[in-house]
Amino acid sequence: MKNKILSICIPTFNRPEVLKNNIFSMLEELKKFSIPIFISDESDNKETGILISEIKKIYKYIFYFKQIKKLGHDKNVFHSLSLPSTEYIWLLSDSVFVNKNAIKNVLNIINVNKPDLIAVNSHLRELDIKKNFYTNSNDVLNDLGWHLTWTGATIYSKNAISTSCKINKTKYTNFPQIALIFTHLSGGCYFYWENNNLISSTKKDKSYWSENIFKVWLEDWRIALYNLPSCYSKKIKEKVFLEHSKKTGLFNIKSLFSLRSLGILNKNTFKKYNKLLGIHSGKGIIIIWFISLIPINLLLILKKIVKRVYY
């Protein structure tokens with residue numbers, strides 16, 4: 001029988017191959033526990049729908065919803081969470097998959113503890129925080145705020161999802177899950193942290209925000225944090241704002257050179273974001289300015305040379 005306790009939902013857009021690899025990587029676990037999986041597809045082609053039709057032949061508990069009217073990333077996240085009727089819903093991005101025994105682990109947590117929200121570790125981040133029940137929402141923000149930006153790190157109870165009706169979603173562009181998690185916790189914190197690495201992803205897959213990386217992580221991220229309820233400490237918000245960049249290396253030297261080679265870092269973006277880039281990268285503004293001026297063709301040639309020498 002279809003599992004009534006836990007389901008998985010995945011909002012997706014124009015990435016059928018990525019989604020296919022994701023689903024097949026965890027298909028054995030899905031079958032073992034009869035976990036229903038819901039796909040909310042905003043693609044502008046039929047490829048994802050065809051893919052799901054093929055998967056249905058080998059796994060019946062997969063449900064496909066094609067969005068005729070495009071919702072956009074944030075609305076599609078909330079819409080995806082509204083689709084299942086299970087007690088808990090694991091929201092994944094289309095490039096994030098659950099590791100072996102992860103579903104068993106989460107079901108055990110639910111059966112024993114029944115928290116409102118569960119957050120899990122990943123091999124890509126390796127947070128060093130022991131399994132823990134949090135009853136203080138500021139502690140959750142302080143310890144895990146930067147990590148919870150990752151779509152896939154959190155499992156939501158129906159009770160937590162019901163909080164979405166209280167959120168002014170226009171204030172949390174690109175961070176709907178942060179709005180939901182911390183708005184809910186502001187009304188009472190019953191949050192479980194699982195330190196085992198339960199999710200994985202491939203670094204090769206581009207995030208939906210890749211081409212707008214500066215706006216998303218230097219503007220939208222800060223706006224989302226500062227619009228969280230007033231019970232959250234301003235000092236903690238400021239710390240968490242910088243923490244994501246530092247912990248992920250989002251604006252380290254390697255990343256800055258890569259952003260320049262793609263044309264994303266240029267004279268205009270440097271002029272607009274230079275002060276924040278200096279703070280988030282930990283590098284001087286002069287270094288970032290120099291990188292922003294390097295000819296892209298020269299960087300591409302150097303990249304080819306490095307590959308030949310080292311690979």
Side-chain angles (χ1 to χ4, degrees), residues 13-15 70-77 93 95 124-125 141-142 145-151 168-179 182 201 203-228 232-307:
F13 175 71
N14 282 354
R15 300 212 294 184
K70 191 174 178 182
L71 298 173
H73 170 266
D74 297 1
K75 289 182 179 179
N76 199 22
V77 166
S93 75
S95 63
L124 293 178
R125 294 192 166 175
L141 182 62
N142 183 69
W146 73 274
H147 177 62
L148 298 179
T149 59
W150 197 9
T151 307
N168 183 344
K169 299 174 180 66
T170 61
K171 294 182 178 181
Y172 299 94
T173 302
N174 287 310
F175 296 97
Q177 73 277 34
I178 291 295
F182 289 102
S201 182
K203 292 184 178 181
K204 294 180 181 178
D205 298 322
K206 278 188 175 182
S207 296
Y208 72 94
W209 44 258
S210 296
E211 294 182 4
N212 296 306
I213 187 171
F214 298 134
K215 179 183 180 298
V216 171
W217 292 105
L218 300 179
E219 290 184 30
D220 296 344
W221 176 219
R222 184 167 194 164
I223 291 170
L225 283 169
Y226 276 85
N227 275 297
L228 292 178
Y232 294 101
S233 159
K234 183 178 179 181
K235 184 178 180 181
I236 292 175
K237 290 176 182 178
E238 193 63 38
K239 173 207 169 214
V240 174
F241 174 51
L242 291 171
E243 202 164 23
H244 181 274
S245 299
K246 292 178 179 178
K247 297 279 191 181
T248 61
L250 196 62
F251 298 114
N252 61 22
I253 286 293
K254 182 180 178 181
S255 176
L256 290 172
F257 274 108
S258 178
L259 292 169
R260 176 59 192 143
S261 71
L262 295 169
I264 296 171
L265 176 59
N266 52 50
K267 288 187 289 186
N268 292 330
T269 50
F270 171 78
K271 183 178 180 181
K272 185 172 182 179
Y273 296 109
N274 63 80
K275 290 182 180 178
L276 283 173
L277 269 177
I279 295 170
H280 281 255
S281 67
K283 307 300 177 185
I285 292 177
I286 292 176
I287 294 174
I288 301 170
W289 171 75
F290 174 76
I291 295 171
S292 73
L293 296 178
I294 299 175
I296 293 175
N297 289 338
L298 176 59
L299 279 177
L300 295 175
I301 291 170
L302 290 173
K303 189 175 181 179
K304 287 181 181 179
I305 293 172
V306 169
K307 279 187 176 181

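Treat the numbers as computed from the prediction; the structure is a model and nothing was measured.
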Is the closest side-chain heavy-atom distance between Asn174 and Trp217 below 4.5 Å?
-> no
Side chains of Leu293 and Phe270: does their closest heavy-atom pair fall under 4.5 Å?
-> no
Minimum-distance pair of heavy atoms, taken over all atoms of Ser201 and Ser95 | OG-O, 3.1 Å
Greater than 12 external heavy atoms within 6.0 Å of Leu298's CG = yes
Spatial distance of atom CD1 (Ile253) from atom OG (Ser281) [nearest 0.5 Å] | 7.0 Å
Sequence neighbours excluded, the answer for ring-ring contact (aromatic ring centres under 6.0 Å, His included) partners of Tyr172 is none
Examine Lys283 relative to Phe251 and say whether NZ or CZ is less than 6.0 Å from the centre of the six-membered ring and inside a 45° cone about the ring axis.
-> no
Is it true that atom CH2 of Trp209 has more than 12 heavy atoms of other residues, nucleotides or ligands lying nearer than 6.0 Å?
-> yes
Quick one: pull up OG1 in Thr248 and NE2 in His280 and give me the separation to the nearest 0.5 Å.
-> 10.5 Å
OG on Ser233 to CG on Leu228, rounded to 0.5 Å | 11.5 Å
Residue among Lys237, Lys234, Glu238 satisfying side chain to side chain donor-acceptor pair (under 3.5 Å) with Tyr226 | Glu238
Verify the distance criterion only: is there a donor paired with an acceptor across the side chains of Asn266 and Thr269 at less than 3.5 Å?
-> yes
So do Val240 and Leu141 actually touch side chain to side chain, heavy atoms under 4.5 Å?
-> yes
Compare every heavy atom of Ile264 with every heavy atom of Ser210, then report the nearest pair and how far apart it is.
-> O-CD1, 3.7 Å
Minimum side-chain heavy-atom gap Lys70-Phe13 below 4.5 Å | yes
State whether the side chain of Glu219 and the backbone N or O of Phe214 hold a donor-acceptor pair below 3.5 Å, judged by distance alone.
-> no
Any side-chain heavy-atom pair of Leu250 and Ile213 under 4.5 Å = yes
Atom pair CG (Asn142) and OH (Tyr232), whose distance is rounded to the nearest 0.5 Å | 12.0 Å
If you count the non-hydrogen atoms of other residues, nucleotides and ligands that lie under 6.0 Å from NZ in Lys239, is the total more than 12?
-> yes
Identify the two heavy atoms, one from Thr149 and one from Arg125, that lie closest to each other, and give their separation to 0.1 Å.
-> OG1-NH1, 4.3 Å
Is there side-chain contact between Ser245 and Trp221, with at least one heavy-atom pair below 4.5 Å?
-> no
What are the two closest heavy atoms between Phe182 and Gly145, and how far apart are they?
-> CZ-CA, 4.2 Å
Begin from the C-alpha positions of Arg260 and Ile296 and carry the test side-chain contact (heavy atoms from CB on, under 4.5 Å) through to its verdict.
-> CA-CA 7 Å; Arg260 176 59 192 143; Ile296 293 175; 3.8 Å; yes
Compare every heavy atom of Leu299 with every heavy atom of Ser261, then report the nearest pair and how far apart it is.
-> N-CD1, 3.8 Å
Which distance, rounded to the nearest 0.5 Å, do you find between the NZ of Lys267 and the CG of Asn274?
-> 14.5 Å
Contact check, side chains of Asp220 and Lys215, non-hydrogen atoms, under 4.5 Å | yes
His73 meets the side-chain hydrogen bond (donor to acceptor under 3.5 Å, both in side chains) criterion, sequence neighbours left out, with none
Value rounded to 0.5 Å, distance of CG in Leu277 from CG in Leu259 = 8.5 Å
Which atoms form the tightest heavy-atom contact between Thr173 and Thr170, and what is the distance?
-> OG1-O, 3.7 Å
Intermediate values then yes/no, side-chain contact (heavy atoms from CB on, under 4.5 Å), Phe257 and Ile294 = CA-CA 9 Å; Phe257 274 108; Ile294 299 175; 3.6 Å; yes
